[in-house]
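Below is one structure, written out as C-alpha cells, with a few remarks after it.
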There are 2 protein chains.
Amino acid sequence: MLRLSKLADYATVLLVHLGRHEGLATAAALAVETGVPEPTVAKLLKGLASSGLVLSHRGARGGYRLAGELEKVTVAAVIAAVDGPIAITACCDGRECEHSSLCGLSGQWDVVNDAILSTLNSITLADMGRHAERLPRRGPALAPAATVGAESPSVTEAVS
Amino acid sequence: MLRLSKLADYATVLLVHLGRHEGLATAAALAVETGVPEPTVAKLLKGLASSGLVLSHRGARGGYRLAGELEKVTVAAVIAAVDGPIAITACCDGRECEHSSLCGLSGQWDVVNDAILSTLNSITLADMGRHAERLPRRGPALAPAATVGAESPSVTEAVS
DNA sequence: TAATTCAAGACTTGTTAAGTCCTGATTTAT
DNA sequence: ATAAATCAGGACTTAACAAGTCTTGAATTA
C-alpha cells in the first residue's frame, strides 16, 4: 500500500518537536506534548539515539535533544533510522528475488525506489515543521507520463 | 516501512507480461509463466478487470488482455487499482488526523505524498518492462509446468 | 544513598496483507 | 443441448508484522 509505518510518522513528529525544544526533553514530557503514547515515545527515542539522530543524557534531569539541526536531517534519514533501509519491494533491499527469472522486471523497482528515495532526501525536518501558508491539498491526479530517466523530481520548490 | 504491497508488485509483473502477450491469456497460464500462485493471479486479474486496466473474456478460450498500451499505464495507476489511493500516512488519505492539534506537522505529509505520487505517475509499465527482452518464449495458453522451476540462470545481475 | 531517567530487549496484542476456496455466470465447442 | 472452459464475486482462513507494553538493569544527579 506504500504506507509509511506509524513509528516513522511519530518519529518525525518527535524530532520536529525536539528541534524546537530548549535544552533536554524527557520521553515522558514529549509524550504529553505530542500525544504519542509514552512507552512508544521511549522506544522510538532509544532507537533514534542509537542511530545518532538524537543525543541522550541519563540520570536525574536527563533527557534527549536533537543531535543536529532540523535543516540537516532529511525525511529519508528518519525513515531509515526507524524502519531500516527504504525498499519499496523485497527486490530492492539487496536480497535476491526468488522469482527473478520469471518476473520480467529485472530490477526496475530499484529505479522507482531510487526516485522515491531522492524525493525523500530532498525534504528536511525543517520543511516538515514549516507551517505552510497555502498547501496544495490534493496534488496532480494524473501527471503526464515521462521516462524513467527523470529521477530528480523537482519537489524542492514545492516544499520550500 | 514505505513498502509496496506484494499484490501491487505482482500486478505490475502480470500487466507487463500481458502487454507482451499475443491475444488472450488465461489466469492459469499467467500463473505458470510468471511464477505467481494461481489463485492470487485470478484474484488480481479480477480486480484489475473491474478497474479497467485489463479486459476479460469469459468462457472456453477466454482470458485477459491489456486494456491499453504499456506506455499509457503508469505505476501509480497500477498501485491505486490494487491497493487504493496512494497515501503514505493516515493523514494523507482524506480523513482527519486525530492528533493534528499536537503533531505540529500540519499536513506536510501531503507534500511528501504528492511528490511520491508524481514520481510514480512519471513511470509507465513500458519503463518497468525495459531491459527485460530476454523472456522464455512459450506457446500461449499451453505452458508445461515442468519447465517452470527448472531454470534459475544468472541470479546476480538483477541486483544492479 | 535515593531518585530520576535512559538502555536493552522480551513479550503480547491487533491489524491487515496475503492466500484459498466455493458458488455462480458466461462463452465456446461438440 | 450438453459439456467444458473460464471469468465474477465474495467469504473465509492464515500468517506476518507493526504496534504497543512491560521488566530489568545501568548511568547520572542531588
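Values below: every heavy atom of this structure, side chains too, minus hydrogens, waters and symmetry copies. Chain letters run A, B, ... following the sequence lines, proteins first, then strands; residues in each count from 1.
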Just N and O in the side chain of S56(A): are any of them under 4.0 Å from OP1 or OP2 of dT5(C)? no
With no hydrogens and no angle check, just 3.5 Å: does a side-chain donor-acceptor pair link S118(A) and N121(A)? no
Could you give the CG-to-P distance, from D9(A) to dA18(D), as a whole number of Å? 15 Å
Where do V16(A) and L105(B) land on the side-chain contact (heavy atoms from CB on, under 4.5 Å) test, with the steps shown first? CA-CA 8 Å; V16(A) 168; L105(B) 258 45; 4.2 Å; yes
Write down the distance between CG (L48(B)) and P (dG9(D)), rounded to a whole number of angstrom. 13 Å
Residues 64-71 of chain A side chain polar contacts: donor-acceptor under 3.5 Å, at least two apart:
none

Does a salt bridge link K6(A) with D9(A), judged by any charged N lying under 4.0 Å from a carboxylate O? no
Interatomic distance where CZ belongs to R3(A) and C1' belongs to dT15(C) [whole Å]: 12 Å
State, with a plain yes or no, whether a side-chain heavy atom of L18(A) is found less than 4.5 Å away from one of L45(A). yes
So what does A27(A) hit on the nucleic acid, given a heavy-atom distance under 4.0 Å: a base, only sugar-phosphate, or nothing? sugar-phosphate
In this structure, how many angstroms lie between the C1' atom of dG9(C) and the CG atom of L44(A), rounded? 15 Å
What's the CG-P distance between L55(A) and dC6(C), to the nearest Å? 13 Å
At under 4.0 Å between heavy atoms, how does the protein contact nucleotides 17-30 of chain C? Give one character per nucleotide, 5' to 3', with B, S or -. -SBB---BBBBSS-
Between atom OH in Y64(A) and atom C1' in dA27(D), what is the gap in whole Å? 12 Å
Between dA18(D) atom P and L2(B) atom CG, what is the distance in whole Å? 13 Å
Are more than 12 heavy atoms, taken from residues, nucleotides or ligands other than H21(A), located less than 6.0 Å from that residue's NE2 atom? yes
